[in-house]
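First the structure, in the form of structure tokens, and then the observations on it.
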Amino acid sequence: MSSNDLRDEVEARLAPWQQQLGADRAAYTNHVLRVLALCDLLAADQQPPPSAREEYLTAATLHDIGIWSAGTFDYLGPSCDLARAWLASIDRDDLTGLVVSMINEHHRIRPAGPPHDPVEIFRRADAIDVGRGLLRRFGVSRAAYRDLAKRYPNHGFHRTLVRLTARRLRTNPASPLPMVKW
């Protein structure tokens, strides 16, 4: 799938939440595209590449959407529910367990499985992007991440994460990052 086709696919899947995403739409869309590209880099030996596979497209597109669709920073449950509904709507219930695990485990601190497991590939890809390629890169070069960041600009995505974290810290100081798991 070409880069433009992938963007079109992601934007079409995000269309139902266009209003809720508001000013964050470009930022979230590009985060999704960076995560998919990072999955491809982390699983370079896999055919078809992750970005062309339904489980990765669904998990990437919907993994954080609960922030906007449900208006909460405790978004894993709402994001998983939307993934279940999407997969049922396209007759791909067979992927539900895997996609829900990909979403539910994407903020796990420790590995979620072996390096080539889809859940672990997805967890690593999201971690690389959330850390802007500065913290852990799991073998992805700085130059490769910089190229992705140029192709799919940030548009304030990380600034939004900081704002949401600060708001959550004020309202729920005992649970500032409810999506993080050990």
**Report entry** Value rounded to 0.5 Å, distance of OH in Tyr75 from CG in Asp81
**Finding:** 15.0 Å

Query raised in the report: Under the 3.5 angstrom rule, does the side chain of Arg137 hit a backbone N or O of Val140 as a donor-acceptor pair?
Result: yes

Query raised in the report: How many angstroms lie between atom CZ of Arg142 and atom CG of Asp147, to the nearest 0.5 angstrom?
Result: 14.0 Å

Query raised in the report: Do Trp17 and Leu62 pass the side-chain contact (heavy atoms from CB on, under 4.5 Å) test, and can you show the C-alpha distance, the side-chain angles, and the key distance before you say yes or no?
Result: CA-CA 10 Å; Trp17 300 283; Leu62 301 177; 3.7 Å; yes

Report task. Applying side-chain hydrogen bond (donor to acceptor under 3.5 Å, both in side chains) between Arg25 and each of Gln18, Glu11, Gln19, report the one that passes. Result -> Gln18

Query raised in the report: Say you draw a straight line from CZ of Arg124 to CG of Asp117; how long is it, rounded to the nearest 0.5 Å?
Result: 10.0 Å

Query raised in the report: Which distance, rounded to the nearest 0.5 Å, do you find between the OG1 of Thr58 and the CD1 of Ile90?
Result: 5.0 Å

Query raised in the report: How long is the gap from CG on Leu6 to OH on Tyr152, to the nearest 0.5 Å?
Result: 6.0 Å

Query raised in the report: Should Arg168 and Leu177 count as side-chain neighbours, where that means a heavy-atom distance under 4.5 Å?
Result: no

Query raised in the report: Can we say Asp5 and Arg7 salt-bridge, meaning some charged N sits less than 4.0 Å from an Asp/Glu carboxylate O?
Result: no

Query - Pair His31-His63, side-chain contact (heavy atoms from CB on, under 4.5 Å): steps then yes or no - result: CA-CA 11 Å; His31 168 61; His63 74 286; 3.0 Å; yes

Query raised in the report: Tyr28: what forms a side-chain hydrogen bond (donor to acceptor under 3.5 Å, both in side chains) with it, not counting sequence neighbours?
Result: none

Query raised in the report: Got a sec, which residues hit salt bridge (Lys or Arg N to Asp or Glu O under 4.0 Å) with Arg108, two or more places apart in sequence or on another chain?
Result: Glu105

**Report entry** Same apolar cluster: Val100 and Leu95, side chain cutoff 4.5 Å
**Finding:** no

Report task. Identify whether Leu42 and Leu134 are in the same connected component of the hydrophobic contact network (ILVMFWY, side-chain heavy atoms under 4.5 Å). Result -> no

